[in-house]
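In what follows, a single structure is set out as structure tokens and then discussed.
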Amino acid sequence: MKTSSSDGPVAVLPAAGMRAVEAEAFAAGRVTSRAAMERAGQGVAAAILRHRPPGRALVLCGPGNNGGDGFVVARLLAAQGWQIEARMLGAGAAAGPDAAAMRHLWEGGTGTADLLSAPLPGPGPDLLVDALFGIGLARRIEGAPAVRLAEISALARGAFRVAVDLPSGLDADRGTVLGMTLPADLSVTFHCRKPAHDLRPDLCGAVEIVDIGL
Ligand SMILES: NC(=O)C1=CN([C@@H]2O[C@H](COP(=O)(O)OP(=O)(O)OC[C@H]3O[C@@H](n4cnc5c(N)ncnc54)[C@H](O)[C@@H]3O)[C@@H](O)[C@H]2O)[C@H](O)CC1
Ligand SMILES: [K+]
């Protein structure tokens, strides 16, 4: 699989190809995974700041590295005057050290409210940041998470909706919806597009690409 060319990244990579590029970049010492995550979050926050003035944001963080990106976004938006409500799904069950570190940087020891049990902020937010699942989505979103996400989607129907990497629930390679998904106005992805960005513009919205140093 061609993962880059002499003039930079290829235009589109499937999830496995993306992971190969990440692994090679980390092994070669071009960038650390922690720095890549910080740059990913910086890119998402910068894109949001280009589109909207500060307001009320609901940031959804999943159990893995997509969630880690979300905690970077929450921290950076808060520093720019955004009023942030963060909700975590899965209590970092799949979080590696990078996501855990970014979560602690955001929380400062206060803890992040649980997506399934904590009350939802009302009125609806001005911004919804979807950092639940990215290229690691492995199974359908169903049951209590799906019910809660449908509630959030309704609460945020007037919000500017930004997907971190991909709308959660969307299979990166096939563009199929696994259970349910959160359609986005903007998807901010990393290094290059994934097939789903071109297969499902109806769900991804506008796509912006962030160089994370790979
Ligand atoms: N250092 C890096 O590699 C960088 C990665 N970036 C971001 O990381 C995600 C990919 O992260 P990963 O942890 O592999 O997967 P996800 O966060 O997408 O998924 C989380 C985790 O959740 C579990 N899971 C999968 N499906 C379900 C489900 N339906 N219900 C519950 N739990 C589920 C599974 O265990 C997954 O591992 C990538 O998209 C980027 O956003 C950084 O951007 C750059 C550095
Ligand atoms: K996402």
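In each ligand, atom 1 is the first atom listed, and ligand 1 is the first ligand listed. Owing to the predicted nature of the structure, the values given are computational and were not obtained by experimental measurement.
- Among all protein heavy atoms, the one lying closest to atom 19 (O) of ligand 1 is Phe133 CD2, 3.7 Å.
- Distances below 4.0 Å separate heavy atoms of Gly134 from the following atoms of ligand 1: 16 (P), 18 (O), 39 (O).
- Closest non-hydrogen pair, Ile135 versus Ala172, comes out as CG2-CB, 4.0 Å.
- When only non-hydrogen protein atoms are considered, atom 29 (N) of ligand 1 lies nearest to Arg139 O, 2.8 Å.
- Heavy-atom proximity to Ile212, at under 4.0 Å, picks out these atoms of ligand 1: 44 (C).
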Report task. May I have the step-by-step check of side-chain contact (heavy atoms from CB on, under 4.5 Å) for Leu60 and Leu182, ending in yes or no? Result -> CA-CA 11 Å; Leu60 309 179; Leu182 293 171; 3.9 Å; yes

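- Because the distance cut-off is set at 3.4 Å, Phe133 qualifies as a neighbour of the K ion (ligand 2) through one of its N, O or S atoms.
- Using a cutoff of 4.0 Å between basic side-chain nitrogens and carboxylate oxygens, Arg161 and Asp185 are not scored as salt-bridged.
- Taking the K ion (ligand 2) as reference, the nearest N/O/S atom within Asp130 carries the name O.
- When hydrophobic clusters are built by joining Ile, Leu, Val, Met, Phe, Trp and Tyr residues whose side-chain heavy atoms come closer than 4.5 Å, directly or via intermediates, Val10 is grouped together with Val31.
- In this structure, Arg19 has a heavy atom closer than 4.0 Å to ligand 1.
- Residue Ile135 has at least one heavy-atom neighbour below 4.0 Å for each of these atoms of ligand 1: 10 (C), 18 (O), 38 (C), 39 (O).
- Distances below 4.0 Å separate heavy atoms of Arg140 from the following atoms of ligand 1: 29 (N).
- Separating the CE atom in Met102 from the CE atom in Met37 is a distance of 6.5 Å, to the nearest 0.5 Å.
- When only modelled atom types and interatomic distance are considered, Thr176 and Asp171 share no side-chain donor-acceptor pair under 3.5 Å.
- Nearest to atom 9 (C) of ligand 1 among the protein's heavy atoms is Asn66 N, 3.6 Å.
- Taking a cutoff of 4.0 Å between a charged side-chain nitrogen and a carboxylate oxygen, Arg75 and Glu38 qualify as a salt bridge.
- For atom 8 (O) of ligand 1, the closest heavy atom belonging to the protein is Asn65 CB, 3.1 Å.
- The list of ring-ring contact (aromatic ring centres under 6.0 Å, His included) pairs with a residue in residues 162-187, not counting sequence neighbours, is empty.
- For atom 41 (O) of ligand 1, the closest non-hydrogen atom on the protein side is Asp69 OD2, 2.7 Å.
- On a distance-only criterion, Glu22 and ligand 1 share at least one N/O pair closer than 3.5 Å.
- Coordination check, Val164 versus the K ion (ligand 2): passed, since an N/O/S atom of the residue sits under 3.4 Å.
- Annotation for ligand 1: atoms under 4.0 Å from non-hydrogen atoms of Ala40 are 43 (O).
- Val129 and Leu170 fall into different hydrophobic clusters, where Ile, Leu, Val, Met, Phe, Trp and Tyr residues are linked whenever their side-chain heavy atoms come under 4.5 Å apart, directly or through other members.
- Counting atoms of ligand 1 from 1 in the listed order, those under 4.0 Å from a heavy atom of Ser33 are 1 (N).
- Closest to atom 38 (C) of ligand 1 among all protein heavy atoms lies Asp165 OD2, 3.3 Å.
- Counting only non-hydrogen atoms, the option in Ala36, Gly169, Gly67, Ala15 that gets closest to atom 45 (C) of ligand 1 is Ala36.
- For the pair Ala138 and ligand 1, the shortest N or O to N or O distance falls below 3.5 Å.
- Among all non-hydrogen protein atoms, the one lying nearest atom 15 (O) of ligand 1 is Gly136 CA, 3.3 Å.
- Taking every non-hydrogen atom of Phe190 and a distance limit under 4.0 Å, the qualifying atoms of ligand 1 come out as 41 (O), 43 (O).
- When hydrophobic clusters are built by joining Ile, Leu, Val, Met, Phe, Trp and Tyr residues whose side-chain heavy atoms come closer than 4.5 Å, directly or via intermediates, Val188 is not grouped with Leu199.
- Of the listed options Ala35, Ala25, Gly64, Pro63, Pro63 places a heavy atom closest to atom 22 (O) of ligand 1.
- Rounded to 10°, the angle formed at the K ion (ligand 2) by OD1 of Asn66 and O of Leu166 is 140°.
- Atom SG of Cys204 and atom CG of Asp202 lie 7.5 Å apart (nearest 0.5 Å).
- Between Arg193 and Asp198, at least one side-chain nitrogen of the basic residue sits less than 4.0 Å from a carboxylate oxygen of the acidic one, meeting the salt-bridge criterion.
- Among the atoms of Asp165, no N, O or S atom falls under 3.4 Å of the K ion (ligand 2).
- Closest protein heavy atom to atom 21 (C) of ligand 1: Ala94 CB, 3.9 Å.
- In Arg174, the CZ atom is not crowded: 12 or fewer heavy atoms of neighbouring residues, nucleotides or ligands sit closer than 6.0 Å.
- Put simply, NE2 on His51 and CD1 on Ile48 are 9.5 Å apart, with the number rounded to the nearest 0.5 Å.
- Taking CG of Asp69 as the reference point, atom CD1 of Ile212 lies at 8.0 Å (rounded to 0.5 Å).
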